[in-house]
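Numbers here simply count residues along the sequence, with the first being 1. Model, not experiment: these values are computed from the prediction.
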Amino acid sequence: MAQRRRTLQQRRQARNRSIAAIRKRNESYAAALADPKSRFKSTTTAATDKSSIKGYLQRPSDNFANIAATLRQAYISNGVIGRVIDYYQAHPTYNYSIYPVLGNKQYELDTNNMHDDFIDIAYGINQLNIPFYAPYFFRETLIQGVSFFYKIQDTTGVGYMQFPVEWCRITNMENGVYRYRLDISKLKAEVRDSLPKELQQAYDTYHNGSTDDETKWYDRKWYYVSDDGMAFTFDQGSLINGGSAISPFAGALADALSLAQAKENIDIKDKLDTVRIIHSKIPTDANGEPTISLKVAKIMDEQMRNRMPEGVVPVTSASTITNVPLKGSGNEGIYESVKSGLGQLFYDLGVSAPLFGSDTTSSNIVKLSIKKDANWVYTNLFPMLENYYDYELTQIKTKSKITWNIKFIRESNFTLKDDIANYKDQLSYGGSRMDYLAACGFSPIQVVSQLAFEQQVLDIDSLMVVKPTSNTLSSKDASSQHNKPNVVKGPTISNDPNKGKVGRPETDNPTDDTDRLDDAQ
């Protein structure tokens, strides 16, 4: 009995140690992805005047961090830039399919192994959570010009740690994926335990002064991050610009500040149009000398100021003040200036102003603008994401060891109906059903899980029986429905075909609430 208690106690202790280890690992995982003290936040300040922006744009490679900080501030404070970036981010559906890359000697496929391979690849890529992370990669790259991430993965999923742009530089490209180096001197001691194991070792090596290995270090402080780190940028000149990159929207910053100033002038004009001046004249004698003391005049002025409503300015003086109305004294063309500045800003951002509610003479302008923007996304974003996820697929082990690739479906949320119809039409000429299902929103794991479950477990085809309507009945079926023979039940003959039958009566004119359970009974 005592031996049994000891055994149970040992098992309980082992289980508690296992739970503690899991909790510690999860806490470390969460600490690496969370930054409550903003320890990984960029410390570069944003520019607030137009002259500074112009100075940055004259030497963009040297001021890429300031440009990124200014554009991030504009994304928050400037409604036009913020909405345009959100518009681009929401353009693609991020739907995707996967396919094997067969070599010229692989004519015959091992059906069983390939089936298992597809499931393994579908499950593995589902762990990457593409619908959540891909839009985030896109937005950060649009704002900063370049974004740097480090992948952290365990059995429950994948997360990404992001580093500020001034801490990193792009170093090279491998199979279409940008790799980078990290300035370890930027890392503080308090973040060491929150870093991934690789970066912890790099941190220790840097502070031990053992940075002589040129294959891993550059200039004794820049650490070449492994393939768990990746960078995203649309600036293809980053490799020749010292590893820095500029946002495609950087040119709009100067006009954004001009637009902000024009709006500020409107506020000034509105104040000038509504201000009123109340003049309290101090009485004087024939020589112009005040007949009351200045102390009394000051008290009278203070009493009047305390009782005046907002927008009314009291003035107390011995001199005569000419009545000069301030209404209309502001710039009469200020509203036109704002309108022109707004149009110029949309032009700099590369989108159509009518798309965001401006005046337009044709809806075709908006439609063509949407297609133009979609083509930009297909050309610049999708190849970059496909290169990265193709690399991630090579890290998933399969039985047949055949390479798998990902394909992002070329469709937009703004033209979704037409894009799906296009993939559906391709099926008539031998197009891919996988691409069609992906265009409809099915991920590979949904195809193998949801559709197989519906067909094999639920036998859903026996439940989802098509209603007999004018669209589903042929002329032969319709004539047979109308020419049914009389049904004989017992000693009597009835013309009602439904008499004596259990269930809902049949009808030649079914409605939307008619049950279709004949085949299921």
Side-chain angles (χ1 to χ4, degrees), residues 22 25-35 40 85-86 88-99 117-144 147-163 176-179 194-198 225-233 377-378 381-398 404-413 416 434-435 437-453:
I22 293 174
R25 183 185 64 190
N26 290 341
E27 289 175 358
S28 177
Y29 181 80
L33 298 178
D35 188 20
F40 294 100
I85 292 178
D86 290 342
Y88 272 100
Q89 182 190 26
H91 227 299
T93 61
Y94 304 97
N95 292 330
Y96 62 92
S97 64
I98 56 177
Y99 60 93
D117 288 353
F118 178 84
I119 295 177
D120 292 339
I121 293 293
Y123 178 79
I125 201 169
N126 187 64
Q127 294 289 92
L128 296 175
N129 202 358
I130 292 177
F132 178 79
Y133 285 113
Y136 182 72
F137 296 155
F138 189 22
R139 190 191 70 184
E140 290 299 296
T141 307
L142 285 175
I143 293 175
Q144 298 181 162
S147 54
F148 300 94
F149 294 93
Y150 189 94
K151 186 185 73 170
I152 303 175
Q153 185 173 10
D154 65 2
T155 56
T156 61
V158 172
Y160 293 91
M161 174 183 287
Q162 185 176 3
F163 294 106
V177 183
Y178 289 103
R179 305 300 181 183
S194 300
L195 295 172
K197 185 176 181 180
E198 176 193 357
V225 180
S226 69
D227 290 344
D228 285 330
M230 77 296 301
F232 299 103
T233 182
V377 173
Y378 302 157
L381 174 66
F382 283 173
M384 182 175 62
L385 291 179
E386 287 170 347
N387 289 336
Y388 166 63
Y389 287 113
D390 284 346
Y391 165 77
E392 292 296 337
L393 291 183
T394 62
Q395 306 305 303
I396 302 175
K397 297 181 180 179
T398 59
W404 289 75
N405 278 359
I406 187 175
K407 175 185 177 182
F408 279 90
I409 302 301
R410 269 56 176 174
E411 64 178 349
S412 167
N413 283 311
L416 188 59
M434 290 289 296
D435 286 354
L437 291 175
C440 293
F442 286 89
S443 65
I445 198 66
Q446 280 183 288
V447 172
V448 74
S449 301
Q450 181 177 348
L451 297 184
F453 173 78

Considering all heavy atoms of both residues, which atom of [X] and which atom of [Y] are nearest to each other, and what is their separation?
X: His91; Y: Ser412; result: ND1-OG, 2.7 Å
X: Ile396; Y: Gly124; result: CD1-CA, 3.7 Å
X: Tyr88; Y: Phe138; result: O-CE2, 3.0 Å

Donor-acceptor contact present, side-chain [X] to main-chain [Y], <3.5 Å:
X: Asp154; Y: Gly157; answer: yes
X: Glu198; Y: Ser226; answer: yes
X: Asn95; Y: Phe442; answer: no
X: Ser97; Y: Asp435; answer: no
X: Asn413; Y: Ala90; answer: yes
X: Arg179; Y: Asp227; answer: yes

About how many Å separate [atom2] of [Y] and [atom1] of [X], when rounded to the nearest 0.5 Å?
X: Ile406; Y: Leu128; atom1: CD1; atom2: CG; value: 8.0 Å
X: Tyr378; Y: Glu411; atom1: OH; atom2: CD; value: 7.0 Å
X: Asn405; Y: Tyr96; atom1: CG; atom2: OH; value: 14.0 Å
X: Ile85; Y: Glu140; atom1: CD1; atom2: CD; value: 9.5 Å
X: Gln450; Y: Ile445; atom1: CD; atom2: CD1; value: 11.5 Å
X: Ile130; Y: Leu385; atom1: CD1; atom2: CG; value: 8.5 Å

Please examine the side chains of [Y] and [X], heavy atoms only from C-beta on, and report whether any two atoms are closer than 4.5 Å.
X: Leu381; Y: Tyr94; result: yes
X: Gln162; Y: Gln144; result: yes
X: Pro92; Y: Phe408; result: no
X: Tyr133; Y: Lys151; result: no
X: Leu393; Y: Ile125; result: yes

Inset, instruction - Measure up the Phe232 and Phe137 rings against each other and bin them: parallel (under 30°), tilted (30 to 60°), perpendicular (over 60°). - result: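 Because their plane-to-plane angle is under 30°, the rings of Phe232 and Phe137 count as parallel.
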
Inset, instruction - Give me the ring orientation class for Phe149 and Tyr136: parallel if the planes are under 30° apart, tilted from 30 to 60°, perpendicular past 60°. - result: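 If you compare the ring of Phe149 with that of Tyr136, the planes turn out perpendicular.
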
Inset, instruction - Sequence neighbours left out, what passes side-chain contact (heavy atoms from CB on, under 4.5 Å) with Asn387? Give chain and number order. - result: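 Asn387 satisfies side-chain contact (heavy atoms from CB on, under 4.5 Å) with Val177 once adjacent residues are dropped.
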
